[in-house]
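Throughout, protein chains are lettered first and strands after them, A, B, ... in sequence-line order, and every chain is numbered starting at 1.
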Number of protein chains: 2
Amino acid sequence: MRASERAYQFLRSDIIEWHLEPGTTLNEVEQAERLGVSRTPVREAFSRLMSDGLVEPSCGRGVIVTPVSVTNVRAMFELRTALETQAAALAAVKGDPEAFDALAHRLEEAAVFLVDDDADRSSYYLLVEEMDAEIDRAAQNTYLAQAQRQLRTHLGRVRKLSKGNEGRLMAAAHEHAAIARAIAEGDVELAQAAIRVHLSNALKAILDAVPDQEGERESAA
Amino acid sequence: MRASERAYQFLRSDIIEWHLEPGTTLNEVEQAERLGVSRTPVREAFSRLMSDGLVEPSCGRGVIVTPVSVTNVRAMFELRTALETQAAALAAVKGDPEAFDALAHRLEEAAVFLVDDDADRSSYYLLVEEMDAEIDRAAQNTYLAQAQRQLRTHLGRVRKLSKGNEGRLMAAAHEHAAIARAIAEGDVELAQAAIRVHLSNALKAILDAVPDQEGERESAA
DNA sequence: TGGCAAGATTGTGTATACAAAATTTCGGAA
DNA sequence: TTCCGAAATTTTGTATACACAATCTTGCCA
(Lines give C-alpha, C1' and ligand atoms only; values in the text may rest on other atoms or scores of the structure.)
Protein backbone atom coordinates (compact mmCIF):
# COMPACT_ATOMS: atom_id res chain seq x y z
CA MET A 1 0.00 0.00 0.00
CA ARG A 2 1.18 3.52 -0.73
CA ALA A 3 2.58 5.53 2.14
CA SER A 4 0.13 8.38 1.54
CA GLU A 5 -2.78 5.95 1.65
CA ARG A 6 -1.49 4.43 4.89
CA ALA A 7 -1.07 7.88 6.42
CA TYR A 8 -4.59 8.84 5.37
CA GLN A 9 -6.23 5.70 6.72
CA PHE A 10 -4.26 5.93 9.93
CA LEU A 11 -5.13 9.54 10.64
CA ARG A 12 -8.71 9.09 9.51
CA SER A 13 -9.40 6.21 11.83
CA ASP A 14 -7.52 7.98 14.61
CA ILE A 15 -9.93 10.89 14.26
CA ILE A 16 -13.09 8.82 13.87
CA GLU A 17 -12.18 6.58 16.82
CA TRP A 18 -11.51 9.65 18.95
CA HIS A 19 -7.86 8.77 19.50
CA LEU A 20 -7.22 12.28 18.25
CA GLU A 21 -9.56 14.57 20.14
CA PRO A 22 -11.40 17.38 18.40
CA GLY A 23 -9.39 20.58 18.51
CA THR A 24 -6.04 18.78 18.41
CA THR A 25 -3.49 20.54 16.23
CA LEU A 26 -1.56 18.37 13.80
CA ASN A 27 1.56 19.47 11.98
CA GLU A 28 3.31 17.77 9.15
CA VAL A 29 6.70 16.95 10.66
CA GLU A 30 5.20 15.56 13.85
CA GLN A 31 2.84 13.22 12.01
CA ALA A 32 5.52 12.31 9.50
CA GLU A 33 7.73 11.11 12.35
CA ARG A 34 4.88 9.35 14.13
CA LEU A 35 3.86 7.47 10.97
CA GLY A 36 7.42 6.85 9.82
CA VAL A 37 7.03 8.47 6.43
CA SER A 38 8.21 11.72 4.94
CA ARG A 39 6.24 14.94 4.81
CA THR A 40 5.02 14.44 1.25
CA PRO A 41 2.54 11.61 1.94
CA VAL A 42 1.43 13.37 5.13
CA ARG A 43 0.61 16.47 3.13
CA GLU A 44 -1.51 14.39 0.78
CA ALA A 45 -3.27 12.77 3.72
CA PHE A 46 -3.97 16.19 5.27
CA SER A 47 -5.38 17.37 1.97
CA ARG A 48 -7.79 14.44 1.79
CA LEU A 49 -8.81 14.85 5.42
CA MET A 50 -9.54 18.50 4.78
CA SER A 51 -11.83 17.72 1.88
CA ASP A 52 -13.49 15.10 4.10
CA GLY A 53 -14.09 17.87 6.60
CA LEU A 54 -12.38 15.88 9.37
CA VAL A 55 -9.72 18.54 9.85
CA GLU A 56 -9.66 22.23 9.01
CA PRO A 57 -6.73 24.48 8.21
CA SER A 58 -5.33 26.31 11.20
CA CYS A 59 -3.99 29.66 10.07
CA GLY A 60 -0.47 28.84 9.00
CA ARG A 61 -0.07 26.21 11.67
CA GLY A 62 -0.97 22.81 10.31
CA VAL A 63 -4.49 21.52 10.67
CA ILE A 64 -6.81 21.02 13.62
CA VAL A 65 -9.25 18.17 14.15
CA THR A 66 -12.76 19.45 13.47
CA PRO A 67 -14.87 19.93 16.60
CA VAL A 68 -18.09 17.97 17.14
CA SER A 69 -21.01 19.57 18.93
CA VAL A 70 -24.68 18.91 19.48
CA THR A 71 -25.43 21.63 16.96
CA ASN A 72 -23.38 19.70 14.44
CA VAL A 73 -25.27 16.50 15.14
CA ARG A 74 -28.57 18.22 14.48
CA ALA A 75 -27.20 19.61 11.23
CA MET A 76 -25.95 16.19 10.20
CA PHE A 77 -29.37 14.71 10.75
CA GLU A 78 -31.04 17.46 8.76
CA LEU A 79 -28.85 16.58 5.81
CA ARG A 80 -29.18 12.88 6.48
CA THR A 81 -32.94 13.09 6.38
CA ALA A 82 -32.85 14.84 3.02
CA LEU A 83 -30.39 12.34 1.53
CA GLU A 84 -31.91 9.16 2.88
CA THR A 85 -35.51 10.00 2.02
CA GLN A 86 -34.41 10.75 -1.53
CA ALA A 87 -32.34 7.56 -1.72
CA ALA A 88 -35.18 5.49 -0.32
CA ALA A 89 -37.62 6.98 -2.81
CA LEU A 90 -35.34 6.11 -5.70
CA ALA A 91 -34.73 2.64 -4.32
CA ALA A 92 -38.46 2.04 -3.93
CA VAL A 93 -38.92 2.83 -7.61
CA LYS A 94 -35.82 1.23 -9.14
CA GLY A 95 -34.73 -1.34 -6.57
CA ASP A 96 -34.99 -5.11 -6.65
CA PRO A 97 -38.01 -6.02 -4.47
CA GLU A 98 -36.62 -9.44 -3.62
CA ALA A 99 -33.34 -8.06 -2.35
CA PHE A 100 -35.11 -5.69 0.01
CA ASP A 101 -37.60 -8.32 1.05
CA ALA A 102 -34.69 -10.57 2.01
CA LEU A 103 -33.10 -7.72 3.95
CA ALA A 104 -36.37 -7.08 5.77
CA HIS A 105 -36.55 -10.71 6.87
CA ARG A 106 -32.96 -10.82 8.01
CA LEU A 107 -33.47 -7.60 9.97
CA GLU A 108 -36.53 -9.01 11.73
CA GLU A 109 -34.51 -12.09 12.63
CA ALA A 110 -31.69 -9.91 13.92
CA ALA A 111 -34.17 -7.95 16.04
CA VAL A 112 -35.22 -11.16 17.75
CA PHE A 113 -31.63 -11.98 18.67
CA LEU A 114 -31.08 -8.46 19.95
CA VAL A 115 -33.57 -9.06 22.78
CA ASP A 116 -30.62 -10.60 24.51
CA ASP A 117 -28.67 -7.76 26.06
CA ASP A 118 -25.21 -9.09 25.21
CA ALA A 119 -25.96 -10.41 21.77
CA ASP A 120 -23.43 -9.84 18.98
CA ARG A 121 -24.27 -6.40 17.74
CA SER A 122 -21.61 -6.58 15.03
CA SER A 123 -23.67 -8.78 12.75
CA TYR A 124 -26.54 -6.34 13.05
CA TYR A 125 -24.25 -3.42 12.19
CA LEU A 126 -23.03 -5.32 9.16
CA LEU A 127 -26.61 -5.93 8.14
CA VAL A 128 -27.37 -2.22 8.31
CA GLU A 129 -24.27 -1.47 6.25
CA GLU A 130 -25.46 -4.04 3.72
CA MET A 131 -28.82 -2.33 3.51
CA ASP A 132 -27.22 1.08 3.04
CA ALA A 133 -25.13 -0.35 0.25
CA GLU A 134 -28.17 -1.95 -1.37
CA ILE A 135 -30.07 1.35 -1.27
CA ASP A 136 -27.11 3.18 -2.79
CA ARG A 137 -26.89 0.60 -5.54
CA ALA A 138 -30.63 0.68 -6.21
CA ALA A 139 -30.74 4.49 -6.31
CA GLN A 140 -28.20 4.47 -9.17
CA ASN A 141 -27.02 7.95 -8.36
CA THR A 142 -23.30 8.49 -7.87
CA TYR A 143 -23.73 12.08 -6.66
CA LEU A 144 -26.21 11.05 -4.01
CA ALA A 145 -24.02 8.11 -3.05
CA GLN A 146 -20.99 10.32 -2.64
CA ALA A 147 -22.87 12.80 -0.49
CA GLN A 148 -24.02 9.90 1.68
CA ARG A 149 -20.50 8.56 1.94
CA GLN A 150 -19.16 11.88 3.15
CA LEU A 151 -21.91 12.32 5.65
CA ARG A 152 -21.50 8.78 6.98
CA THR A 153 -17.88 9.63 7.80
CA HIS A 154 -19.08 12.34 10.16
CA LEU A 155 -21.88 10.19 11.54
CA GLY A 156 -19.29 7.54 12.32
CA ARG A 157 -17.59 10.10 14.52
CA VAL A 158 -20.66 10.94 16.59
CA ARG A 159 -21.52 7.27 16.98
CA LYS A 160 -18.86 7.17 19.67
CA LEU A 161 -20.73 9.90 21.50
CA SER A 162 -23.84 7.81 21.96
CA LYS A 163 -22.56 4.70 23.63
CA GLY A 164 -24.83 2.72 25.88
CA ASN A 165 -27.91 2.93 23.74
CA GLU A 166 -27.93 -0.83 23.20
CA GLY A 167 -31.50 -0.81 24.41
CA ARG A 168 -32.52 1.02 21.28
CA LEU A 169 -30.92 -1.45 18.90
CA MET A 170 -33.92 -3.79 18.83
CA ALA A 171 -36.29 -0.95 18.05
CA ALA A 172 -33.87 0.31 15.43
CA ALA A 173 -33.77 -3.12 13.81
CA HIS A 174 -37.55 -3.14 13.53
CA GLU A 175 -37.46 0.34 12.04
CA HIS A 176 -34.90 -0.73 9.49
CA ALA A 177 -36.99 -3.74 8.62
CA ALA A 178 -40.01 -1.49 8.09
CA ILE A 179 -37.98 0.67 5.72
CA ALA A 180 -36.77 -2.34 3.76
CA ARG A 181 -40.30 -3.69 3.52
CA ALA A 182 -41.68 -0.40 2.23
CA ILE A 183 -38.94 -0.25 -0.39
CA ALA A 184 -39.59 -3.85 -1.38
CA GLU A 185 -43.26 -3.01 -1.89
CA GLY A 186 -42.35 0.03 -3.96
CA ASP A 187 -44.23 2.31 -1.58
CA VAL A 188 -42.34 5.60 -1.86
CA GLU A 189 -44.42 7.54 0.66
CA LEU A 190 -44.26 4.80 3.26
CA ALA A 191 -40.52 4.33 2.82
CA GLN A 192 -39.91 8.03 3.33
CA ALA A 193 -42.19 8.11 6.36
CA ALA A 194 -40.38 5.11 7.85
CA ILE A 195 -37.04 6.82 7.29
CA ARG A 196 -38.24 9.98 9.00
CA VAL A 197 -39.48 8.00 11.98
CA HIS A 198 -36.22 6.09 12.24
CA LEU A 199 -34.02 9.18 12.01
CA SER A 200 -36.13 11.08 14.47
CA ASN A 201 -35.72 8.27 16.99
CA ALA A 202 -32.03 7.87 16.27
CA LEU A 203 -31.37 11.58 16.80
CA LYS A 204 -33.37 11.56 19.98
CA ALA A 205 -31.33 8.62 21.27
CA ILE A 206 -28.08 10.44 20.57
CA LEU A 207 -29.23 13.68 22.18
CA ASP A 208 -30.41 11.76 25.23
CA ALA A 209 -27.09 9.93 25.48
CA VAL A 210 -24.85 13.01 25.55
CA PRO A 211 -24.72 15.03 28.76
CA ASP A 212 -27.07 17.89 27.95
CA GLN A 213 -24.87 20.78 27.08
CA GLU A 214 -26.57 23.92 25.94
CA GLY A 215 -25.80 23.25 22.32
CA GLU A 216 -22.65 25.27 21.90
CA ARG A 217 -19.91 23.27 23.54
CA GLU A 218 -17.10 22.82 21.10
CA SER A 219 -15.93 19.31 21.87
CA ALA A 220 -16.53 16.41 24.17
CA ALA A 221 -12.87 16.25 25.17
CA MET B 1 -1.10 33.30 -4.41
CA ARG B 2 0.32 29.86 -3.82
CA ALA B 3 1.37 27.86 -6.85
CA SER B 4 -0.81 24.91 -5.84
CA GLU B 5 -3.81 27.21 -5.52
CA ARG B 6 -3.15 28.72 -8.93
CA ALA B 7 -2.80 25.27 -10.48
CA TYR B 8 -6.06 24.14 -8.88
CA GLN B 9 -8.04 27.21 -9.96
CA PHE B 10 -6.60 27.03 -13.45
CA LEU B 11 -7.37 23.37 -14.00
CA ARG B 12 -10.75 23.65 -12.32
CA SER B 13 -11.96 26.47 -14.52
CA ASP B 14 -10.45 24.76 -17.56
CA ILE B 15 -12.61 21.73 -16.82
CA ILE B 16 -15.78 23.64 -15.92
CA GLU B 17 -15.46 25.90 -18.98
CA TRP B 18 -14.98 22.85 -21.20
CA HIS B 19 -11.50 23.89 -22.31
CA LEU B 20 -10.50 20.44 -21.16
CA GLU B 21 -12.99 18.02 -22.65
CA PRO B 22 -14.38 15.12 -20.64
CA GLY B 23 -12.25 12.03 -21.07
CA THR B 24 -9.02 13.99 -21.50
CA THR B 25 -6.07 12.41 -19.73
CA LEU B 26 -3.90 14.71 -17.66
CA ASN B 27 -0.48 13.77 -16.35
CA GLU B 28 1.62 15.56 -13.82
CA VAL B 29 4.68 16.50 -15.84
CA GLU B 30 2.65 17.82 -18.75
CA GLN B 31 0.48 20.07 -16.59
CA ALA B 32 3.48 21.14 -14.52
CA GLU B 33 5.15 22.40 -17.68
CA ARG B 34 1.97 24.02 -19.00
CA LEU B 35 1.34 25.89 -15.75
CA GLY B 36 4.98 26.72 -15.17
CA VAL B 37 5.21 25.08 -11.74
CA SER B 38 6.79 21.91 -10.44
CA ARG B 39 5.03 18.60 -10.02
CA THR B 40 4.36 19.06 -6.31
CA PRO B 41 1.65 21.76 -6.61
CA VAL B 42 0.16 19.93 -9.57
CA ARG B 43 -0.17 16.80 -7.47
CA GLU B 44 -2.01 18.80 -4.82
CA ALA B 45 -4.29 20.31 -7.46
CA PHE B 46 -5.05 16.84 -8.87
CA SER B 47 -5.86 15.63 -5.38
CA ARG B 48 -8.36 18.42 -4.82
CA LEU B 49 -9.90 17.94 -8.27
CA MET B 50 -10.36 14.26 -7.49
CA SER B 51 -12.19 14.98 -4.27
CA ASP B 52 -14.32 17.46 -6.21
CA GLY B 53 -15.18 14.63 -8.59
CA LEU B 54 -14.01 16.68 -11.57
CA VAL B 55 -11.33 14.14 -12.46
CA GLU B 56 -10.96 10.47 -11.65
CA PRO B 57 -7.82 8.39 -11.31
CA SER B 58 -6.76 6.61 -14.44
CA CYS B 59 -5.12 3.33 -13.47
CA GLY B 60 -1.70 4.53 -12.44
CA ARG B 61 -1.48 6.95 -15.36
CA GLY B 62 -2.51 10.41 -14.24
CA VAL B 63 -6.13 11.44 -14.08
CA ILE B 64 -8.92 11.77 -16.63
CA VAL B 65 -11.56 14.49 -16.79
CA THR B 66 -14.85 13.03 -15.56
CA PRO B 67 -17.41 12.43 -18.32
CA VAL B 68 -20.76 14.22 -18.33
CA SER B 69 -23.88 12.52 -19.65
CA VAL B 70 -27.62 13.02 -19.62
CA THR B 71 -27.85 10.28 -17.02
CA ASN B 72 -25.52 12.31 -14.84
CA VAL B 73 -27.64 15.43 -15.24
CA ARG B 74 -30.74 13.56 -14.07
CA ALA B 75 -28.82 12.24 -11.08
CA MET B 76 -27.55 15.71 -10.23
CA PHE B 77 -31.08 17.05 -10.23
CA GLU B 78 -32.30 14.23 -8.03
CA LEU B 79 -29.72 15.21 -5.44
CA ARG B 80 -30.30 18.91 -6.05
CA THR B 81 -34.00 18.52 -5.35
CA ALA B 82 -33.30 16.79 -2.06
CA LEU B 83 -30.74 19.40 -0.96
CA GLU B 84 -32.58 22.53 -2.04
CA THR B 85 -35.95 21.51 -0.64
CA GLN B 86 -34.29 20.84 2.69
CA ALA B 87 -32.35 24.11 2.57
CA ALA B 88 -35.46 26.07 1.64
CA ALA B 89 -37.42 24.48 4.47
CA LEU B 90 -34.74 25.46 6.98
CA ALA B 91 -34.49 28.95 5.53
CA ALA B 92 -38.25 29.39 5.74
CA VAL B 93 -38.08 28.60 9.43
CA LYS B 94 -34.86 30.32 10.45
CA GLY B 95 -34.30 32.93 7.73
CA ASP B 96 -34.66 36.70 7.90
CA PRO B 97 -38.02 37.49 6.25
CA GLU B 98 -36.92 40.95 5.18
CA ALA B 99 -33.83 39.70 3.39
CA PHE B 100 -35.87 37.25 1.33
CA ASP B 101 -38.58 39.81 0.71
CA ALA B 102 -35.95 42.14 -0.70
CA LEU B 103 -34.59 39.34 -2.87
CA ALA B 104 -38.08 38.58 -4.14
CA HIS B 105 -38.58 42.18 -5.19
CA ARG B 106 -35.22 42.44 -6.92
CA LEU B 107 -35.91 39.19 -8.76
CA GLU B 108 -39.26 40.47 -10.00
CA GLU B 109 -37.52 43.60 -11.22
CA ALA B 110 -34.85 41.54 -12.93
CA ALA B 111 -37.56 39.47 -14.63
CA VAL B 112 -38.99 42.64 -16.16
CA PHE B 113 -35.64 43.59 -17.64
CA LEU B 114 -35.16 40.09 -19.00
CA VAL B 115 -38.08 40.57 -21.40
CA ASP B 116 -35.51 42.21 -23.60
CA ASP B 117 -33.70 39.45 -25.45
CA ASP B 118 -30.22 40.90 -25.12
CA ALA B 119 -30.48 42.21 -21.60
CA ASP B 120 -27.50 41.76 -19.27
CA ARG B 121 -28.02 38.31 -17.92
CA SER B 122 -24.98 38.59 -15.67
CA SER B 123 -26.71 40.74 -13.07
CA TYR B 124 -29.50 38.17 -12.92
CA TYR B 125 -27.00 35.37 -12.43
CA LEU B 126 -25.38 37.32 -9.63
CA LEU B 127 -28.77 37.80 -8.04
CA VAL B 128 -29.40 34.05 -8.11
CA GLU B 129 -26.00 33.43 -6.56
CA GLU B 130 -26.87 35.94 -3.87
CA MET B 131 -30.08 34.12 -3.13
CA ASP B 132 -28.30 30.76 -2.95
CA ALA B 133 -25.85 32.31 -0.49
CA GLU B 134 -28.67 33.79 1.59
CA ILE B 135 -30.42 30.42 1.76
CA ASP B 136 -27.17 28.71 2.79
CA ARG B 137 -26.63 31.30 5.49
CA ALA B 138 -30.21 31.07 6.74
CA ALA B 139 -30.16 27.27 6.85
CA GLN B 140 -27.20 27.40 9.28
CA ASN B 141 -26.02 23.96 8.27
CA THR B 142 -22.42 23.57 7.19
CA TYR B 143 -22.90 19.97 6.06
CA LEU B 144 -25.80 20.89 3.84
CA ALA B 145 -23.90 23.93 2.54
CA GLN B 146 -20.89 21.84 1.65
CA ALA B 147 -22.97 19.28 -0.17
CA GLN B 148 -24.58 22.11 -2.12
CA ARG B 149 -21.20 23.62 -2.94
CA GLN B 150 -19.94 20.35 -4.33
CA LEU B 151 -23.02 19.78 -6.39
CA ARG B 152 -22.97 23.33 -7.76
CA THR B 153 -19.50 22.64 -9.14
CA HIS B 154 -20.93 19.87 -11.28
CA LEU B 155 -24.01 21.89 -12.20
CA GLY B 156 -21.71 24.64 -13.39
CA ARG B 157 -20.25 22.17 -15.83
CA VAL B 158 -23.56 21.16 -17.39
CA ARG B 159 -24.66 24.80 -17.63
CA LYS B 160 -22.46 25.00 -20.71
CA LEU B 161 -24.46 22.16 -22.21
CA SER B 162 -27.70 24.10 -22.19
CA LYS B 163 -26.85 27.26 -24.03
CA GLY B 164 -29.57 29.13 -25.91
CA ASN B 165 -32.23 28.82 -23.24
CA GLU B 166 -32.30 32.58 -22.72
CA GLY B 167 -36.02 32.44 -23.35
CA ARG B 168 -36.45 30.58 -20.10
CA LEU B 169 -34.58 33.11 -17.99
CA MET B 170 -37.61 35.33 -17.43
CA ALA B 171 -39.71 32.41 -16.32
CA ALA B 172 -36.85 31.24 -14.10
CA ALA B 173 -36.63 34.67 -12.49
CA HIS B 174 -40.31 34.56 -11.62
CA GLU B 175 -39.87 31.08 -10.18
CA HIS B 176 -36.97 32.26 -8.06
CA ALA B 177 -39.02 35.20 -6.86
CA ALA B 178 -41.82 32.83 -5.88
CA ILE B 179 -39.36 30.75 -3.87
CA ALA B 180 -37.97 33.83 -2.11
CA ARG B 181 -41.48 35.03 -1.31
CA ALA B 182 -42.50 31.68 0.16
CA ILE B 183 -39.37 31.65 2.33
CA ALA B 184 -40.01 35.24 3.43
CA GLU B 185 -43.50 34.25 4.50
CA GLY B 186 -42.16 31.25 6.39
CA ASP B 187 -44.30 28.89 4.35
CA VAL B 188 -42.27 25.68 4.30
CA GLU B 189 -44.65 23.65 2.15
CA LEU B 190 -45.01 26.38 -0.45
CA ALA B 191 -41.27 27.01 -0.61
CA GLN B 192 -40.60 23.31 -1.21
CA ALA B 193 -43.31 23.14 -3.85
CA ALA B 194 -41.91 26.20 -5.60
CA ILE B 195 -38.43 24.63 -5.57
CA ARG B 196 -39.77 21.43 -7.08
CA VAL B 197 -41.54 23.33 -9.83
CA HIS B 198 -38.44 25.36 -10.59
CA LEU B 199 -36.11 22.38 -10.70
CA SER B 200 -38.50 20.38 -12.82
CA ASN B 201 -38.62 23.20 -15.37
CA ALA B 202 -34.88 23.74 -15.24
CA LEU B 203 -34.16 20.07 -15.88
CA LYS B 204 -36.64 19.99 -18.73
CA ALA B 205 -34.95 23.01 -20.31
CA ILE B 206 -31.56 21.33 -20.13
CA LEU B 207 -32.80 18.03 -21.53
CA ASP B 208 -34.52 19.88 -24.36
CA ALA B 209 -31.38 21.83 -25.13
CA VAL B 210 -29.05 18.86 -25.54
CA PRO B 211 -29.32 16.82 -28.74
CA ASP B 212 -31.38 13.88 -27.57
CA GLN B 213 -28.94 11.10 -27.04
CA GLU B 214 -30.27 7.87 -25.67
CA GLY B 215 -28.92 8.57 -22.23
CA GLU B 216 -25.64 6.77 -22.34
CA ARG B 217 -23.33 8.91 -24.41
CA GLU B 218 -20.14 9.51 -22.47
CA SER B 219 -19.33 13.08 -23.36
CA ALA B 220 -20.47 15.97 -25.50
CA ALA B 221 -17.07 16.37 -27.11
C1' DT C 1 5.67 -14.00 -40.00
C1' DG C 2 4.13 -14.07 -35.40
C1' DG C 3 4.99 -14.29 -30.61
C1' DC C 4 7.74 -13.66 -26.61
C1' DA C 5 11.21 -11.55 -23.95
C1' DA C 6 14.35 -8.02 -22.65
C1' DG C 7 15.57 -3.35 -22.59
C1' DA C 8 14.32 1.40 -22.90
C1' DT C 9 11.24 4.97 -21.86
C1' DT C 10 7.79 7.26 -19.50
C1' DG C 11 5.41 8.41 -15.34
C1' DT C 12 4.24 8.17 -10.59
C1' DG C 13 5.59 7.75 -5.39
C1' DT C 14 8.62 9.34 -1.93
C1' DA C 15 12.35 11.77 0.20
C1' DT C 16 15.05 15.68 0.93
C1' DA C 17 16.81 20.25 0.41
C1' DC C 18 15.96 24.96 0.08
C1' DA C 19 13.12 29.16 0.20
C1' DA C 20 9.41 31.90 1.93
C1' DA C 21 6.14 33.10 5.36
C1' DA C 22 4.50 33.51 9.85
C1' DT C 23 4.67 33.36 14.67
C1' DT C 24 6.91 33.88 18.85
C1' DT C 25 10.15 35.71 21.76
C1' DC C 26 13.32 38.98 23.32
C1' DG C 27 14.86 43.58 23.88
C1' DG C 28 14.27 48.41 24.11
C1' DA C 29 11.71 52.51 24.67
C1' DA C 30 7.74 55.13 26.23
C1' DT D 1 4.89 47.96 33.30
C1' DT D 2 3.32 47.72 28.79
C1' DC D 3 3.61 48.11 23.96
C1' DC D 4 6.02 48.01 19.66
C1' DG D 5 9.44 46.19 16.61
C1' DA D 6 12.93 43.24 14.96
C1' DA D 7 15.28 39.00 14.89
C1' DA D 8 15.19 34.14 15.40
C1' DT D 9 12.96 29.92 15.07
C1' DT D 10 9.58 27.05 13.53
C1' DT D 11 6.65 25.46 9.90
C1' DT D 12 4.87 25.42 5.58
C1' DG D 13 5.41 25.72 0.26
C1' DT D 14 8.01 24.39 -3.75
C1' DA D 15 11.55 22.27 -6.43
C1' DT D 16 14.35 18.53 -7.56
C1' DA D 17 16.37 14.07 -7.37
C1' DC D 18 15.93 9.24 -7.10
C1' DA D 19 13.61 4.74 -7.08
C1' DC D 20 10.21 1.72 -8.59
C1' DA D 21 6.45 0.26 -11.62
C1' DA D 22 4.24 -0.08 -15.97
C1' DT D 23 4.15 0.15 -20.73
C1' DC D 24 5.90 0.36 -25.23
C1' DT D 25 9.30 -0.96 -28.52
C1' DT D 26 12.53 -3.65 -30.64
C1' DG D 27 14.99 -7.64 -31.65
C1' DC D 28 15.48 -12.49 -31.60
C1' DC D 29 13.82 -17.08 -32.02
C1' DA D 30 10.50 -20.51 -33.41
Side-chain angles (χ1 to χ4, degrees), chain A residues 1-15 19-67 146 149 153 218-219 221, chain B residues 1-15 19-67 146 149 153 218-219 221:
Chain A
M1 190 187 273
R2 297 200 308 262
S4 59
E5 183 70 21
R6 264 188 301 133
Y8 172 68
Q9 298 289 349
F10 216 94
L11 288 167
R12 179 191 160 92
S13 73
D14 266 3
I15 293 171
H19 298 149
L20 289 171
E21 307 253 334
T24 309
T25 301
L26 308 175
N27 67 47
E28 295 175 2
V29 281
E30 201 177 46
Q31 296 306 314
E33 283 175 14
R34 188 169 76 98
L35 301 172
V37 296
S38 83
R39 277 177 54 214
T40 310
V42 174
R43 281 181 75 79
E44 191 160 328
F46 278 14
S47 169
R48 290 175 68 182
L49 292 170
M50 269 175 54
S51 72
D52 285 345
L54 289 175
V55 301
E56 46 196 23
S58 166
C59 53
R61 219 64 172 189
V63 296
I64 63 180
V65 180
T66 314
Q146 188 185 337
R149 223 180 359 261
T153 299
E218 278 296 282
S219 90
Chain B
M1 187 188 270
R2 298 200 309 264
S4 60
E5 184 70 21
R6 267 187 298 133
Y8 171 68
Q9 296 291 348
F10 216 95
L11 287 167
R12 179 191 162 91
S13 71
D14 267 2
I15 292 171
H19 298 147
L20 288 171
E21 307 252 333
T24 309
T25 300
L26 307 176
N27 68 49
E28 294 176 2
V29 280
E30 201 176 45
Q31 296 304 315
E33 283 175 14
R34 187 169 77 96
L35 302 173
V37 296
S38 82
R39 278 178 51 211
T40 309
V42 172
R43 281 181 75 79
E44 190 160 329
F46 278 14
S47 171
R48 291 176 66 182
L49 292 169
M50 268 175 55
S51 72
D52 285 344
L54 289 175
V55 303
E56 44 195 27
S58 167
C59 53
R61 219 63 171 188
V63 296
I64 62 181
V65 180
T66 315
Q146 189 185 337
R149 222 178 3 258
T153 299
E218 278 296 284
S219 90

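Checked against side-chain hydrogen bond (donor to acceptor under 3.5 Å, both in side chains), A:S13 has no partners two or more places apart in sequence or in another chain. In this view, B:T66 and B:E56, B:R157 satisfy the side-chain contact (heavy atoms from CB on, under 4.5 Å) rule, not counting sequence neighbours. With sequence neighbours excluded, the residues satisfying side-chain contact (heavy atoms from CB on, under 4.5 Å) with A:S51 are B:S51. For B:E5, the side-chain hydrogen bond (donor to acceptor under 3.5 Å, both in side chains) test picks out B:Q9, B:R48, with sequence neighbours left out. With sequence neighbours left out, the side-chain contact (heavy atoms from CB on, under 4.5 Å) criterion links A:R34 to A:F10, A:L11, A:D14, A:L20, A:Q31.
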Fill in the blank from the handout: 5' to 3', nucleotides 14-21 of chain D under a 4.0 Å protein heavy-atom cut-off (B base, S sugar-phosphate only, - none) gives BBBB----

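B:I64 places its CD1 atom 13 Å from the P atom of C:dT12, with the value rounded to the nearest Å. A:E28 has its CD atom 16 Å from the P atom of C:dA17, to the nearest Å. For the pair A:N27 CG and C:dT24 C1', the interatomic distance rounds to 15 Å; values are reported in whole Å.
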